[in-house]
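Order of the sequence lines sets the chain letters (A, B, ...), proteins ahead of strands, with each chain counted from 1.
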Amino acid sequence: MISRRRFISQAALGSAVAAFPLLPGCKKKSGELVIGSILGLSGEDASLGTETREGMDIALEEINAAGGFKGQKVKVLYEDTQLDSNKANEKIQKLIDRDKVICVIGDAASGPTLGARGYAEKAKVPLISGSATNVEVTRNAKYVFRVCFTDDVQGMAAAKFARETLKAEKAAIIYPTGNKYSEGLQAIFQAEFEKKGGKIVAKETYQQGETNILTFLTKIKDAGPELLFAPVYPSDLTKIGPTKQQIGLEVKLLGTDGWDGPATQSKGVIETLEGSYFTDLFAADGPAGQHAFIGKYKDRYKRPPSSLAAGGYDALMLVINALGRAKEVTSEALRDALEQTKGFSGVTGTINIDAGHNAQKPVPVMKIAGGLFKFDSQISV
Amino acid sequence: MLSWLQNAVAQGAMIALVALGYTMVYGVLRLINFAHSEVLMVSGYVAFRVDDRLLGGYERGGSKGLIIATCVAIVAAAVLGVTIEAVAYRKLRAAKGATARIAPLVTAIGVSMLLQSVAQLAFTATPQKFDPRLAPPMWFVIVAASAVMAALYALVHLTWIGKAMRAVAVNEEASRLMGIRPSRIIVFTFAIGSALAAIGAVLYATTQASIEPTMGTSIGTLAFVAAVVGGIGSIPGAMLGGLLIGLLGELVKSTSYSGMKDAIVFVLLVLVLLVRPAGLLGSARAEKV
């Protein structure tokens with residue numbers, strides 16, 4: 001006789017096996033165009049992913065309100081990477097193999113996008129990021145694209161701004177090791193800053209996730225720079241700002257698009273960053289900020305869109321635009337159409353995909369004034 | 001230099017506070033209470049929520065609010081610690097033979113995972129932060145942690161209940177014969193250890209870290225290692241181990257190898273254990289069976 005417990009477990013196993021063949025097919029319905037998205041939606045810097053999704057949500061509504069893609073309803077499947085490159089690799093495989101998506105949008109940051117890149121190339125499915133700026137992301141890639149510029153451009157713009165606008169001669173750099181985004185940017189900034197006759201007087205690295213950075217800022221204070229370049233994400237900035245004030249480190253802070261996030265604007269942090277500058281991918285109040293998307297976003301979320309939201313919107317819109325130009329609705333044809341993108345008008349400006357699969361644009365510089373991000377100037381390199 | 005030293009000692013003092021919880025429980029039960037780091041995490045949340053929601057955060061509550069919130073968190077942590085002991089560990093103490101050690105250890109890991117997952121459901125995975133303006137100065141962290149540790153030392157060495165704790169640690173059977181009720185002493189030990197973790201959590205969260213369901217693991221690992229290096233079961237050992245890790249960490253941070261801090265610190269600690277396998281202040285005597 002089978003005991004009751006054993007019977008239940010066998011029954012459960014049996015039904016699980018029976019249900020299994022249904023699983024892969026249940027998400028894909030005919031008459032639907034399914035696009036995948038990998039984004040860091042949880043963790044300390046989750047705002048990078050959630051804001052990108054907010055932008056994509058608005059794009060998706062506009063697309064479906066206008067009848068979808070050639071009569072097909074467009075659907076986006078999201079997977080959370082926690083901004084981790086191994087997770088990103090795992091999640092993109094899931095989307096491509098299980099859900100058979102035509103392309104994948106994401107990630108918001110460089111590290112996870114690099115993690116997902118290998119599988120996109122192998123499976124020959126386009127991967128399009130709205131805001132991953134590290135140079136390596138698209139280097140020699142056939143299937144990886146982005147709708148923003150690269151850190152080459154951003155780092156050079158930051159160095160140019162530091163030397164020519166802020167007239168800084170001595171600069172210090174602080175960044176976490178193991179973060180592809182920060183490592184890439186600091187190297188480009190240093191090379192360009194030194195080429196323009198500036199001097200890097202201190203360079204401090206810390207372990208990603210380090211909670212106490214007082215020692216590093218004290219060393220920087222001893223080196224006496226006029227400017228501190230910090231290509232970091234908001235979670236690190238919430239430590240740098242207050243600690244800088246605590247030890248009375250009097251330098252101008254200069255950052256990069258990684259700063260753009262609500263954690264930077266949190267109480268007790270933004271006050272310590274007053275008067276700082278950072279390069280960004282997009283300025284809602286800048287010359288490129290004339291798009292209907294901005295008003296729509298403000299109405300819904302009660303704040304101006306960040307570069308991440310704008311990047312997410314542009315990435316999804318560009319995919320639909322390219323699919324319209326493609327010969328057929330396949331990943332391969334979409335790739336060819338993406339490569340030929342010229343003069344696509346996005347929220348972040350006019351997007352021309354160049355030979356390196358990047359979209360070079362002028363770099364807006366933002367200033368933190370009165371607790372808000374304000375457009376300051378635009379740098380072309 | 002002074003501010004560097006102050007910071008390093010403060011880091012060590014916070015680690016030591018948490019390490020004490022591991023070492024005290026090990027002392028009386030020979031159990032590595034992996035759920036200790038989760039008690040720390042939960043008390044961090046309690047302090048944050050009470051301060052932020054009920055007392056108005058920095059703007060309305062100020063540092064007075066933070067002190068009240070800390071007291072609430074200490075009580076909550078003690079209650080949680082005692083509850084874990086009663087629910088998860090007490091029944092298993094009767095076990096004999098091979099499972100006597102393994103079963104509580106596995107349960108401890110299970111409780112740790114359970115609490116982490118519950119916290120993720122209850123508080124979401126989004127990290128929360130105390131207003132940086134609530135952060136106490138580093139000298140205050142040192143003074144507060146030292147005062148708490150001095151009080152603990154006095155409790156263990158000058159009071160009746162402290163004497164009973166030491167007696168249970170040496171020999172539970174014998175202390176029972178002397179009229180001590182080990183189960184009460186064990187409950188008391190869990191309460192005190194958890195309360196220390198709550199103080200550590202508030203100091204840690206206000207001065208540097210954000211509060212999230214996994215925050216216990218980062219400081220908890222350091223504290224556990226501090227307890228082992230100091231000699232697990234030894235209270236002065238945990239203090240010494242915490243201080244050592246804090247100082248070593250800050251030393252590495254001031255070199256150009258700062259990006260590999262944890263790796264270097266842990267290699268140094270392994271070297272310490274190779275020379276003194278029982279830890280710096282641990283006793284190497286054979287365990288009685």
Problem set entry | Heavy-atom contacts under 4.5 Å, residues 223-241 of chain A to chain B | A/Thr238, A/Lys239
For this session: Heavy-atom distances under 4.5 Å only: say whether A/Gln208 touches chain B with side chain, backbone, both or neither.
Result: neither
Exercise. Which pairs count as ring-ring contact (aromatic ring centres under 6.0 Å, His included) when at least one residue sits in residues 46-74 of chain B, sequence neighbours excluded?
Worked result: B/Phe48-B/Phe130
For this session: Counting only heavy atoms closer than 4.5 Å, note whether A/Phe216 contacts chain B via side chain, backbone, both or neither.
Result: side chain
For this session: For B/Ser254 and A/Lys219, run side-chain contact (heavy atoms from CB on, under 4.5 Å): C-alpha distance rounded to whole Å, both residues' side-chain angles, the deciding distance at 0.1 Å, then the answer.
Result: CA-CA 8 Å; B/Ser254 54; A/Lys219 275 160 70 190; 4.2 Å; yes
Problem set entry | More than 12 heavy atoms from other groups under 6.0 Å of NZ on A/Lys203 | yes
Problem set entry | Rounded distance [0.5 Å steps], OG1 in B/Thr207 versus CD in A/Gln246 | 9.0 Å
Exercise. Are there more than 12 heavy atoms of other residues, nucleotides or ligands under 6.0 Å from atom NZ of A/Lys180?
Worked result: no
Exercise. Given a strict heavy-atom distance threshold of 4.5 Å, which part of B/Met138 is in contact with chain A: side chain, backbone, both, or neither?
Worked result: side chain
For this session: Give a yes or no on this: more than 12 heavy atoms of other residues, nucleotides or ligands lie within 6.0 Å of atom NZ of A/Lys374.
Result: yes
Problem set entry | Which residues share a ring pair (Phe, Tyr, Trp, His ring centres under 6.0 Å) with A/Tyr301, sequence neighbours left out | A/Tyr297
Exercise. Any residues in residues 242-253 of chain B near chain A, with a heavy-atom distance under 4.5 Å, and which are they?
Worked result: B/Glu250, B/Lys253
For this session: Starting at OG of B/Ser258, measure out to CD1 of A/Ile213 and round the result to the nearest 0.5 Å.
Result: 12.0 Å
Exercise. For A/Glu210, is it the side chain, the backbone, both or neither that has a heavy atom under 4.5 Å from a heavy atom of chain B?
Worked result: side chain
For this session: Answer whether the closest heavy-atom distance between the side chains of A/Thr211 and B/Tyr204 falls below 4.5 Å.
Result: yes
Problem set entry | Separation of B/Met260 CE from A/Gln207 CD (nearest 0.5 Å) | 9.5 Å
Exercise. Highest number of heavy-atom pairs under 4.5 Å with chain B: which of A/Asn212, A/Thr177, A/Thr215?
Worked result: A/Asn212
For this session: Could you pull out the closest heavy-atom pair between A/Gly268 and B/Pro132, with the gap in Å?
Result: O-CG, 3.5 Å
Exercise. B/Gln128 versus chain A, heavy atoms under 4.5 Å apart: side chain, backbone, both or neither?
Worked result: neither
